[in-house]
Amino acid sequence: QVQLVESGGGLVQPGGSLRLSCVASGGIFSLYGLHWYRQVPGKQRELVAGISVNGNTNYADSVKGRLTISRDNAKNTVYLQMNSLKPEDTANYYCHAGRIAGDAVVDYWGKGTLVTVSS
């Protein structure tokens with residue numbers, strides 16, 4: 001069983017920065033694509049950023065140029081560096097890991113960490 005544990009959330013003023021971390025255990029970390037999602041009450045969970053096994057990245061248009069995803073396979077950790085934060089970035093942020101298993105995708109979720117952007 002793969003477990004994902006997020007950390008780094010908190011309260012930050014608009015324009016400020018945070019770095020989220022997600023530490024994985026129980027799987028071969030280097031074989032998983034990694035993602036950050038976010039969700040606010042009453043809205044769909046949305047993809048913020050992803051990074052592939054070879055380091056290719058993709059971002060939601062709303063966060064391009066402000067948020068950066070990275071991975072450190074030696075530490076079984078994926079990061080989300082968050083700069084120039086806006087109030088609309090306020091959400092619970094969730095770590096996600098997925099891999100292909102036969103004709104299906106096997107994936108795992110962390111429990112989330114809250115980011116609040118407010119003055």
Side-chain angles (χ1 to χ4, degrees):
Q1 183 72 18
V2 171
Q3 291 187 315
L4 305 171
V5 180
E6 304 99 332
S7 63
L11 175 64
V12 64
Q13 294 189 0
S17 298
L18 287 173
R19 189 180 74 161
L20 306 184
S21 300
C22 173
V23 179
S25 61
I28 304 175
F29 184 82
S30 62
L31 298 182
Y32 284 81
L34 304 169
H35 313 87
W36 288 96
Y37 286 76
R38 67 187 181 189
Q39 187 172 31
V40 299
K43 295 185 65 177
Q44 294 284 135
R45 188 171 297 185
E46 64 176 351
L47 176 65
V48 175
I51 185 166
S52 72
V53 296
N54 65 0
N56 291 331
T57 59
N58 62 280
Y59 299 92
D61 288 340
S62 60
V63 306
K64 286 181 179 177
R66 301 188 299 114
L67 275 59
T68 303
I69 189 172
S70 61
R71 66 190 294 163
D72 187 339
N73 289 343
K75 296 182 178 179
N76 287 359
T77 302
V78 58
Y79 303 96
L80 186 67
Q81 179 65 49
M82 310 172 70
N83 299 326
S84 301
L85 284 165
K86 304 175 180 179
E88 51 262 45
D89 295 317
T90 296
N92 282 295
Y93 283 73
Y94 297 88
C95 180
H96 172 269
R99 65 175 177 87
I100 296 174
D103 62 350
V105 174
V106 178
D107 61 356
Y108 304 91
W109 293 91
K111 294 182 179 179
T113 185
L114 178 63
V115 172
T116 302
V117 184
S118 176
S119 60

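Throughout, residue positions are numbered sequentially from 1 according to the sequence presented.
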Student: Please name the pair of heavy atoms, one in T90 and one in V40, separated by the smallest distance, quoted to 0.1 Å.
Tutor: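 T90 and V40 have their closest heavy atoms at O-CG1, 3.0 Å.
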Student: Output yes when a side-chain donor or acceptor of R99 lies under 3.5 Å from a complementary backbone atom of Y32, and no otherwise.
Tutor: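 Judged by distance alone, no pair lies under 3.5 Å.
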Student: So, for K43 and Q39, which heavy atoms are closest and what is the spacing to 0.1 Å?
Tutor: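 Nearest heavy atoms, K43 then Q39: O-NE2, 3.3 Å.
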Student: Passes side chain to side chain contact (heavy atoms under 4.5 Å, CB included), L80 versus L67? Steps please.
Tutor: CA-CA 7 Å; L80 186 67; L67 275 59; 3.9 Å; yes
Student: Taking atom CG of L34 and atom CG of N76, what is their separation to the nearest 0.5 Å?
Tutor: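 Going from CG on L34 over to CG on N76, the span is 9.5 Å.
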Student: Looking at side-chain heavy atoms only, is the closest gap between Q1 and Y108 below 4.5 Å?
Tutor: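 Heavy-atom side-chain distance check passes, below 4.5 Å.
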Student: Can you name the closest pair of heavy atoms from S84 and S17 and give their distance?
Tutor: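 Result for this residue pair: N-OG, 4.4 Å.
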Student: Test M82 against Y93 for side chain to side chain contact (heavy atoms under 4.5 Å, CB included), laying out the working first.
Tutor: CA-CA 11 Å; M82 310 172 70; Y93 283 73; 3.6 Å; yes
Student: Grouping I, L, V, M, F, W and Y whenever their side-chain heavy atoms are under 4.5 Å apart, do F29 and I100 come out in a common cluster?
Tutor: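 No, because F29 and I100 fall into different hydrophobic clusters, even though each may have its own neighbours under 4.5 Å.
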Student: Is the number of heavy atoms from other residues, nucleotides or ligands under 6.0 Å of L31 CG greater than 12?
Tutor: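 Count over threshold, so yes.
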Student: Between Q81 and S70, is any pair of side-chain heavy atoms under 4.5 Å apart?
Tutor: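 With C-beta onward as the side chain, the pair stays apart.
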Student: Do W36 and V2 belong together in a cluster built from hydrophobic side chains that touch within less than 4.5 Å?
Tutor: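 Shared cluster, yes.
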Student: Can you find a pair of side-chain heavy atoms, one from W109 and one from E6, that are under 4.5 Å apart?
Tutor: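 The answer is no; the side chains never approach within 4.5 Å.
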Student: Side chains of Y59 and T68: does their closest heavy-atom pair fall under 4.5 Å?
Tutor: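 In short, these two side chains touch, coming nearer than 4.5 Å.
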Student: Do R71 and Y79 have side chains that approach each other closer than 4.5 Å (heavy atoms only, starting at C-beta)?
Tutor: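 Result no, sub-4.5 Å side-chain heavy-atom pair not found.
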Student: With side chain to side chain contact (heavy atoms under 4.5 Å, CB included) as the criterion, how do V117 and Q13 come out once you've worked through the C-alpha distance, each side chain's angles and the decisive distance to 0.1 Å?
Tutor: CA-CA 5 Å; V117 184; Q13 294 189 0; over 6 Å; no
Student: Can you check whether V78 reaches C95 side chain to side chain, under 4.5 Å on heavy atoms?
Tutor: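 Yes - at least one pair of side-chain heavy atoms lies under 4.5 Å apart.
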Student: Please answer whether the main-chain N or O of S25 pairs with a side-chain N or O of Q3 as donor and acceptor at a distance below 3.5 Å.
Tutor: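 No; judged by distance alone, with no hydrogens or angles, the pair does not exist.
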Student: Whether the side chain of T116 engages the backbone of L11 through a donor-acceptor N/O pair (distance < 3.5 Å, no angle test) should be reported.
Tutor: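 No, the answer is negative, given that no donor and acceptor are paired below the 3.5 Å cut-off.
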Student: Is there side-chain contact between S118 and P87, with at least one heavy-atom pair below 4.5 Å?
Tutor: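 S118 vs P87: side chains apart.
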Student: Give the minimum heavy-atom separation between L4 and C22, together with the two atoms involved.
Tutor: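 In terms of heavy atoms, the two residues are closest at CB-SG, 3.8 Å.
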Student: Mind checking whether V115 and L18 have side chains closer than 4.5 Å, heavy atoms only?
Tutor: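 Touching, per the 4.5 Å side-chain cut-off.
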Student: Near L114 CG, under 6.0 Å, is it more than 12 heavy atoms from other residues, nucleotides or ligands?
Tutor: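 Yes, because the 6.0 Å sphere around CG of L114 holds more than 12 heavy atoms from other groups.
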Student: Quick check on Q44: does its CD atom have over 12 non-hydrogen neighbours (other residues, nucleotides or ligands) under 6.0 Å away?
Tutor: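 Open: at most 12 neighbouring heavy atoms sit under 6.0 Å from CD of Q44.
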Student: Does the pair D89/R38 count as a salt bridge with the N-to-O cut at 4.0 Å?
Tutor: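 The answer is yes: the pair qualifies as a salt bridge.
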Student: Assign the ring pair Y37 / H96 to parallel, tilted or perpendicular, where the plane angle (0 to 90°) is split at 30° and 60°.
Tutor: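 Perpendicular: the ring planes of Y37 and H96 meet at over 60°.
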Student: Any side-chain donor paired with an acceptor under 3.5 Å for D72 and T77?
Tutor: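 Their side chains do not contain a donor-acceptor pair, so the 3.5 Å distance test is not met.
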Student: Please report the closest heavy-atom contact between V63 and V48, naming both atoms and the distance.
Tutor: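 Looking at all heavy atoms of both residues, the shortest contact is CG2-O, 3.6 Å.
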Student: Side-chain heavy atoms nearer than 4.5 Å, only ILVMFWY residues, links allowed to pass through others: does that put L20 and L85 together?
Tutor: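 Yes.
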